[in-house]
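Take a look at the structure below.
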Amino acid sequence: MKRFALLGEPLEHSLSPLLHKAIYRQLEIDDASYRTVALPEERLKAFFTGFRVGGFDGVNVTIPHKAAVIPLLDEVDTKAKLINAVNCVNRNGNKLTGYNTDLLGFAYSLRQNNVSIGGSEFAILGAGGSAQAVGAVLAEGEAKIVSIMNRTADHAERLKQTIHKVNEAVRVDIVDEQELATRAKDIDCVINTTSVGMFPNTRTSPIKEEIFSSNMLAFDLIYHPLKTAFLRSAEKQGASIVNGLQMLVAQAVYSVEIWMGGNIVAHVDMNSLVRDLEKAIK
Ligand code: NAP
């Protein structure tokens, strides 16, 4: 039996066990289990001591441990190290290797929605852990301009540095909402990486409705609710919208591929997994 888990805190509302079980069902893997392990920061080190010698074959890591696990690993994938966030750990014997599949999941969802990164203009709202993954993907894809809007200036500056570490040719501007509104007509895609609008605070949006227009794509990393206030106001202005569900599904499938090997991403019906989760969220 292969055993996998999600580490974080709090985890009561996590969809990951449901999602992983649906992936195993689709792949007809009947000797794998996935469960949540609610873990406060002070128990992380002890958990990893046990993990290294058995117990689990792989783990996903979520808020607040994505950076804190890094010193506990033997190896970290280059991009995960660059963005200082690991959300997937594989155990091979006693060796622990960290990856970031949020990054892969976000890139997958952009591709599925025909978003071309090269030469396009983006705005990232927020500058936390997931924004680092988003920024790295946009930099790697050679975005023309990335405007960052965030509450805390230091975090925005750190995100700008990450983008430039990946690709220094990308123009990165830190903006406030007024400046964002001024340049909105040229922006192809606005990505919400803040937690503003997440259940249960479903009435709030990180930006005003006037910023959206019909030639924009609004991408919200949030998936609960399926249509946030951010996406609702974008839709009202005629913008195309994408929520975070496809990214969530894809990061989980990439994790399974890392743990089990093989070409799992190509063999899974992601759309059917998205539909399973939509039913669970509604
Ligand atoms: P995080 O590291 O805690 O970052 C949160 C960001 O939101 C920070 O930039 C923070 O600003 C900003 N923020 C929080 N409350 C705010 C408020 N009231 N007003 C303005 N800004 C606020 O979290 P994360 O890991 O990046 O996750 C962010 C969201 O993405 C969550 O909703 C999460 O569920 C979602 N997510 C989805 C996926 C997916 O697969 N779809 C993957 C990862 C994350 P400061 O910098 O000023 O603190």
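All ligand and atom numbering here is 1-based and tracks the order in the structure.
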**Prompt:** In terms of the angle between their ring planes, are F56 and F51 parallel, tilted or perpendicular, with boundaries placed at 30° and 60°?
**Reply:** perpendicular
**Prompt:** Would F219 and F106 count as a close aromatic pair, with their ring centres under 6.0 Å?
**Reply:** yes
**Prompt:** Just by distance, do the side chain of E257 and the backbone of V265 share a donor-acceptor pair under 3.5 Å?
**Reply:** yes
**Request:** Would you please write out the protein residues whose heavy atoms approach any atom of ligand 1 to under 4.0 angstrom, listed by chain and number?
**Result:** I63, D102, G126, A127, G128, G129, S130, N150, R151, T152, H155, T193, T194, S195, V196, M198, L221, I222, Y223, G244, M247, L248
**Asked** Do T228 and D220 meet the criterion of a side-chain donor-acceptor pair at a distance under 3.5 Å?
**Response** yes
**Request:** Classify the ring geometry between Y108 and Y254 as parallel (under 30°), tilted (30 to 60°) or perpendicular (over 60°).
**Result:** perpendicular
**Request:** Give the ring-plane orientation class for W259 versus Y34, where under 30° counts as parallel, over 60° as perpendicular and anything between as tilted.
**Result:** tilted
